[in-house]
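No experiment lies behind these values; they were computed from the predicted model shown. Quick note on labels: first sequence line is chain A, next is B, and so on, each numbered from 1.
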2 protein chains.
Amino acid sequence: MSYTIGEVAKKMNLSVHTIRYYEKEGLIPSISRTKSGLRTFEDKDLEWIKLIECLKATNMPLKDIKTYIDWYVEGDSTIPQRYDMFLKRREIVENQIKELQKTLSFINFKCSYYENALKAGTTKTKEVLYK
Amino acid sequence: MSYTIGEVAKKMNLSVHTIRYYEKEGLIPSISRTKSGLRTFEDKDLEWIKLIECLKATNMPLKDIKTYIDWYVEGDSTIPQRYDMFLKRREIVENQIKELQKTLSFINFKCSYYENALKAGTTKTKEVLYK
DNA sequence: ATTAAAGCTTGACTTAACTTTAAGTGTCTT
DNA sequence: AAGACACTTAAAGTTAAGTCAAGCTTTAAT
């Protein structure tokens with residue numbers, strides 16, 4: 001089963017521009033083509049794209065993602081680097097989650113603060129203490 | 001108690017450039033100055049900066065943060081908008097946390113995958129199934 | 001009183017991650 | 001067969017969020 005770039009864009013919720021850009025930047029290794037030059041995407045290419053989106057979701061810059069992909073392409077000799085990268089990324093993500101949880105409780109406070117302010121019609125009441 | 005821009009930069013772990021930039025963009029309302037024009041930061045200004053950092057941590061763009069600050073400056077008439085903004089932000093943050101948790105379990109999988117690959121010296125073993 | 005460190009402003013520059021444009025070729029639908 | 005639409009490359013443009021530089025002033029320490 002293979003897909004056109006437009007199908008992949010729809011499936012992955014990306015623009016076709018972006019997919020071409022990812023390929024150009026070396027983030028999707030070896031996409032095959034038809035004789036006439038059209039890209040034909042296989043499931044393995046979709047897996048790469050999912051990986052990119054996943055790492056991107058952790059704020060990993062594309063150039064670091066590319067470094068990983070280069071390591072992957074290089075083969076078994078880069079297993080230590082790749083392992084190390086995922087260990088570091090795990091720590092980063094764990095910290096991001098903690099950070100967001102702190103932020104969430106701050107936002108929860110603001111929500112109830114403004115809920116009160118909304119009832120009172122003002123932020124200038126006794127119960128309303130912060131901005 | 002008041003601080004110079006350099007002190008604030010150190011305290012908040014930002015560059016002085018960034019703080020001036022935030023002021024220029026209207027993210028910190030009414031920083032007072034000495035007669036000679038130096039900025040003097042009060043605790044309320046630090047609170048604003050903390051708020052900016054906090055919202056930024058949720059990937060909120062500076063211009064949306066500015067919108068909030070403008071509402072704040074405008075006064076009680078904008079309480080509904082501000083309430084609404086925090087409600088929306090809460091949902092966004094909750095989703096971000098969920099998303100990161102999914103990503104984390106993916107990364108955990110990769111970590112153990114590469115831990116095995118490291119022992120085996122290769123990714124091409126029976127136990128090692130994915131890229 | 002000097003002088004180094006820290007501040008000031010304006011405006012240009014940078015980086016990341018796209019996005020658009022231009023100018024054209026290939027494919028599908030009626 | 002015609003028109004719409006998807007695809008190509010290369011390069012320029014955009015946006016967000018800073019970052020830096022130049023040239024000058026203020027402040028703190030000796």
Every protein N/O lying under 3.5 Å from an N/O of nucleotides 28-30 of chain D:
none

Quiz item: Are the side chains of A/K119 and A/E115 in touch, meaning some heavy atoms are under 4.5 Å apart?
Solution: yes

Quiz item: Can you check the B/E53 CD to D/dA17 P distance for me, whole Å?
Solution: 12 Å

Quiz prompt | Salt-bridge present (B/K50, B/E47; N to O < 4.0 Å) | solution = yes

Quiz item: Charged N to carboxylate O under 4.0 angstrom, A/R33 versus A/E42?
Solution: no

Do any N or O atoms of the protein come closer than 3.5 Å to N or O atoms of nucleotides 14-16 of chain C, and which pairs are they?
none

Exercise. Quickly work out the A/I19 CD1 to D/dT8 P distance and round it to whole Å.
Key: 10 Å

Quiz item: Are the charged groups of B/R39 and B/D45 less than 4.0 angstrom apart, N to O?
Solution: no

Quiz prompt | Sidechain N-carboxylate O distance under 4.0 Å for A/E91, A/K88 | solution = no

Pick out the pairs of N or O atoms, protein on one side and nucleotides 22-30 of chain C on the other, that lie under 3.5 Å.
{"from": "C/dT27", "atom 1": "OP1", "to": "A/S36", "atom 2": "OG", "distance (Å)": "3.2"}

Exercise. Check whether any side-chain heavy atom of B/Y113 sits under 4.5 Å from a side-chain heavy atom of A/F86, and report yes or no.
Key: no

Quiz prompt | Side-chain touch B/E94/B/R90, heavy atoms, less than 4.5 angstrom | solution = yes

Exercise. List in chain and number order the residues that pass side chain to side chain donor-acceptor pair (under 3.5 Å) with B/S2, two or more places apart in sequence or in another chain; answer none if no residue qualifies.
Key: none

Practice problem: Using the rule that two of Ile, Leu, Val, Met, Phe, Trp, Tyr join whenever any of their side-chain heavy atoms come within less than 4.5 Å, decide whether B/Y21 and B/L38 are in one cluster. | Solution: no

Exercise. Would you check if the distance from the ring center of A/W48 to the ring center of A/Y72 is below 6.0 Å?
Key: yes

Exercise. Remember a base hit wins even if backbone is also touched, and classify B/R39 as base, sugar-phosphate or nothing at under 4.0 Å, heavy atoms.
Key: sugar-phosphate

Quiz item: Are A/D43 and A/L46 close enough that some pair of their side-chain heavy atoms sits under 4.5 Å apart?
Solution: yes

Quiz prompt | Residue pairs involving residues 23-42 of chain A (criterion ring pair (Phe, Tyr, Trp, His ring centres under 6.0 Å); sequence neighbours excluded) | solution = none

Self-check item: Sugar-phosphate, base or nothing in reach of B/K56, heavy atoms under 4.0 Å
Solution: sugar-phosphate

Quiz item: Do any side-chain nitrogens or oxygens of A/T4 fall under 4.0 Å of OP1 or OP2 in D/dA6?
Solution: no

Quiz item: Going by heavy atoms closer than 4.0 Å, what residues in residues 5-15 of chain B are next to DNA chain C?
Solution: B/I5, B/G6

Quiz item: Can you find a side chain N or O atom of A/R20 that sits less than 4.0 Å from OP1 or OP2 on D/dT9?
Solution: no

Quiz prompt | Rounded distance in Å - CG (B/N59) to C1' (D/dA17) | solution = 13 Å

Quiz item: When the nearest nucleotide of DNA chain D is assigned to A/K24 and to A/G37 on a heavy-atom basis, which residue is associated with the more 5' position?
Solution: A/G37

Quiz item: Less than 4.5 Å apart, any side-chain heavy atom of B/T123 and any of A/D76?
Solution: yes

